[in-house]
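Keep in mind the model is a prediction, meaning the values are calculated, not measured.
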Amino acid sequence: MLKTYFLAPLLLFLLICLPSDSMGQRKSKNTSKESLSTELKTNPKLVVGIVVDQMRYDYLTRFWNHYGDGGFKRLVNNGFNCKNNHFNYAPTSTGPGHASVYTGTTPATHGIIGNDWYDKVSGEEVYCASDSTYASVGTTSEAGKMSPHRMKVSTITDELRLHTQMRGKTIAIALKDRGAVLPGGHTANAAYWFQGDNEGKWITSTFYTPTLPKWVDDFNASGVIKNYKKPWTTLKNMTTYIESGLDNNQYEGLFETEETPTFPHKTPNLLNKNADFEILKYTPYGNSITTDFALAALDGEQLGADSVTDFLAISYSSTDYIGHKFGVNSKEVQDTYLRLDVDLARLFKTLDKKVGENEYTVFLTADHGAVDVPAYLKKQRIPAGYMEWDSIKAQFAPFLQFTFGSTDIIKNFSNYQFFLDHKIIKNLDLDVADVQQRIANELLNYPGIDRVYTGQQMMHNNYTSGIPYILQNGFNQKRSGDVLVVLQPGTVTYPKTGSTHGSPQIYDTHVPLLFYGKGIQKGNTVKRTEIPDIAPTLASLLGISFPNGTTGSPISEVLE
């Protein structure tokens, strides 16, 4: 009886506590390893990063009924759509945008505070990708003297290269040099950009290679680019473009020799097959050339051809050139996105064939949004306007002279920031924080200016929401200015035709973020996501290290 009394509880304990494997139902080693691999990482053969320059989120919804099934709709319907995705810093411009997408952080950390900025050490304006220590490859001009040396942290492309012991390739492509150099990171196998002028070819820098590969030379010599020197007509019947404004209006810029900004665009420079290839950037053909070259890179570099993950970074730049020239409400912008949709479908179809339909992962986003033409907004009785900095000089210069005894206290104004001369401030026995605050208080009196913050505020406060949060994420302590100006919503410093960007306002920060392909969940979210979340999301998917300056967080809903 005593033996039976103790045996029953013992059997019950064993049934409850011991794993099923020990009871004769052990899973196979292969199944266990496969499960662990799935949990740890996803192994696409190729990651394709797509940045569409100046793409507002509402371009997805406005033009939706015109899109085919193979481009934007494929990404939305079969991938994951982050509907409430934003840049969380300013200025919202191309250089910082591409750097932030790929580094997983903001200018406060990666250091690319604008396309150009005033360098406080040299006292000169610098360009985000320029580097005089390298030479051009593929051109005799200086357009190839570029590198990512001003970007102070690693990128997701760098981390993938490191993780694969440099076996995984990174190729970056864009019409704009900064749209290729910054996404490629510090370790890219190559970055290529388009040299327009009278050359019309893809070039690079000795930072990457001393000579162009044969496949690039072959592409440049193929005549493909010259074939795009043709009239720009609409893809569809323009009467169906009811999602955009009148074709002939006062809010759009003109090509040379044009009297009206209307279709078809067929100026002499656009038709000349031997000169002025720069004009192609201002047509949707620039995006088609980019797609052609990306597909050539797919073959030439054998991307996605083995089990080691490669990365193809593509930036579509013509959308920005066209938006600046014609404005976000133009027939030209609508036609450009319909044609880009066709190019995307062509890209994905080729990837299906050459890499495998479920063997690659894609993300698509933008480097910034854009404001509607303020003159048009005013016509619709929406508050908007233009700010001319020269108009405040008559009042601002006397203020500086009277208050501080010198106008030389201001060294530079760029990216909506005033840079002060700290040596002069010290010689005048003034306090920097006090000077910053007095200037800020004065600027608040001027029309068109909505808010002003000081460098001291950016350095000593911790903002968690709203405009100051966005400014602080864009504020780099070593590179940014002393006084930061925010214009009123809808107010810009720009000509009265075409659209622009750069502000912390929501029309510049709200952009698409779509994920698609291997390892990606189908669905959508209206939860706020931010641009620095892209890189850590990809790193989590791939099972690699986050870029070393990452401040974003993985978007868990995106991943299977």
Side-chain angles (χ1 to χ4, degrees), residues 89-93 96 107-108 111 113-126 374 383-463 466-494 500 502-505 508:
Y89 67 85
T92 42
S93 50
I113 64 170
N115 292 337
D116 305 90
W117 64 86
Y118 175 74
D119 180 58
K120 291 189 281 191
V121 176
S122 66
E124 298 177 347
E125 291 275 343
V126 296
Y386 295 88
M387 172 74 178
E388 296 183 8
W389 292 109
D390 287 346
S391 67
I392 73 171
K393 285 184 178 178
Q395 184 175 344
F396 191 51
F399 159 77
L400 294 173
Q401 186 67 45
F402 177 79
T403 307
F404 307 113
S406 173
T407 59
D408 293 336
I409 206 166
I410 303 290
K411 291 186 74 173
N412 180 269
F413 176 76
S414 56
N415 295 315
Y416 301 100
Q417 299 177 20
F418 285 94
F419 291 77
L420 304 183
D421 191 322
H422 287 226
K423 289 184 180 179
I424 290 180
I425 290 173
K426 184 177 181 180
N427 289 339
L428 292 173
D429 200 24
L430 298 171
D431 177 70
V432 171
D434 182 60
V435 172
Q436 289 178 352
Q437 192 59 58
R438 288 193 189 189
I439 291 174
N441 292 341
E442 171 66 15
L443 291 170
L444 280 172
N445 297 319
Y446 299 160
I449 294 178
D450 187 49
R451 309 170 188 221
V452 186
Y453 293 88
T454 67
Q456 290 292 313
Q457 288 175 306
M458 293 293 107
M459 291 176 66
H460 297 295
N461 294 326
N462 181 29
Y463 300 107
I467 297 294
Y469 163 75
I470 293 173
L471 293 180
Q472 191 168 51
N473 284 329
F475 183 85
N476 186 281
Q477 292 189 11
K478 286 191 172 183
R479 293 181 174 178
S480 295
D482 293 272
V483 180
L484 290 69
V485 176
V486 180
L487 301 184
Q488 292 174 351
T491 300
V492 301
T493 55
Y494 200 70
T500 192
S503 81
Q505 307 296 352
D508 283 339

For the student: nearest non-hydrogen atoms of A440 and T454, plus distance: CB-CG2, 4.0 Å

Whether W389 and F418 hold their rings parallel, tilted or perpendicular, with breakpoints at 30° and 60°: perpendicular

Side-chain heavy atoms of V121 within contact of K478, under 4.5 Å: no

Pairwise distance NZ(K423) to CD1(I409) - rounded to 0.5 angstrom: 15.0 Å

Whether F399 and F396 hold their rings parallel, tilted or perpendicular, with breakpoints at 30° and 60°: parallel

Distance in Å, F419 CZ paired with D119 CG, rounded so as to fall on 0.5 Å steps: 9.0 Å

Modelled atom types, side-chain donor and acceptor of Y416 and T493, under 3.5 Å: yes

Residue pair M387, I392: steps toward the side chain to side chain contact (heavy atoms under 4.5 Å, CB included) verdict: CA-CA 9 Å; M387 172 74 178; I392 73 171; 3.5 Å; yes

Gap separating the CD atom of Q401 from the CG atom of D408, nearest 0.5 angstrom: 8.5 Å

Heavy-atom closest contact (Q488 atom, Q505 atom, distance): C-NE2, 4.3 Å

Beyond-backbone contact of Q472 with Y453, side-chain heavy atoms, under 4.5 angstrom: no

Worked verdict on I449 versus L487 for side chain to side chain contact (heavy atoms under 4.5 Å, CB included): CA-CA 4 Å; I449 294 178; L487 301 184; 4.2 Å; yes

Contact check, side chains of Q437 and Q456, non-hydrogen atoms, under 4.5 Å: no

Steps toward side chain to side chain contact (heavy atoms under 4.5 Å, CB included) verdict (T491, Y386): CA-CA 5 Å; T491 300; Y386 295 88; 5.9 Å; no

Evaluation steps, side chain to side chain contact (heavy atoms under 4.5 Å, CB included), between L420 and I439: CA-CA 10 Å; L420 304 183; I439 291 174; 3.7 Å; yes

Separation between CD1 of I470 and CG of L484, rounded to the nearest 0.5 Å: 13.0 Å

Any donor-acceptor N or O pair under 3.5 Å, side chains E125, N412: yes

Closest non-hydrogen atom pair between P96 and I113, with its separation: CG-C, 3.9 Å

R479 vs P107 side-chain heavy atoms within contact, under 4.5 Å: no

Considering all heavy atoms, the nearest P504-L471 contact: CG-CD2, 4.4 Å

Spatial distance of atom OG (S406) from atom CG (D421) [nearest 0.5 Å]: 8.5 Å

Minimum-distance pair of heavy atoms, taken over all atoms of L443 and V485: CD1-CG2, 4.0 Å

Spacing of OG belonging to S480 relative to CZ belonging to F475, to within rounding of 0.5 Å: 5.0 Å

N476 to A108 - nearest heavy-atom pair and separation: ND2-O, 3.1 Å

Whether D431 side chain and A433 backbone form a donor-acceptor pair below 3.5 Å: yes

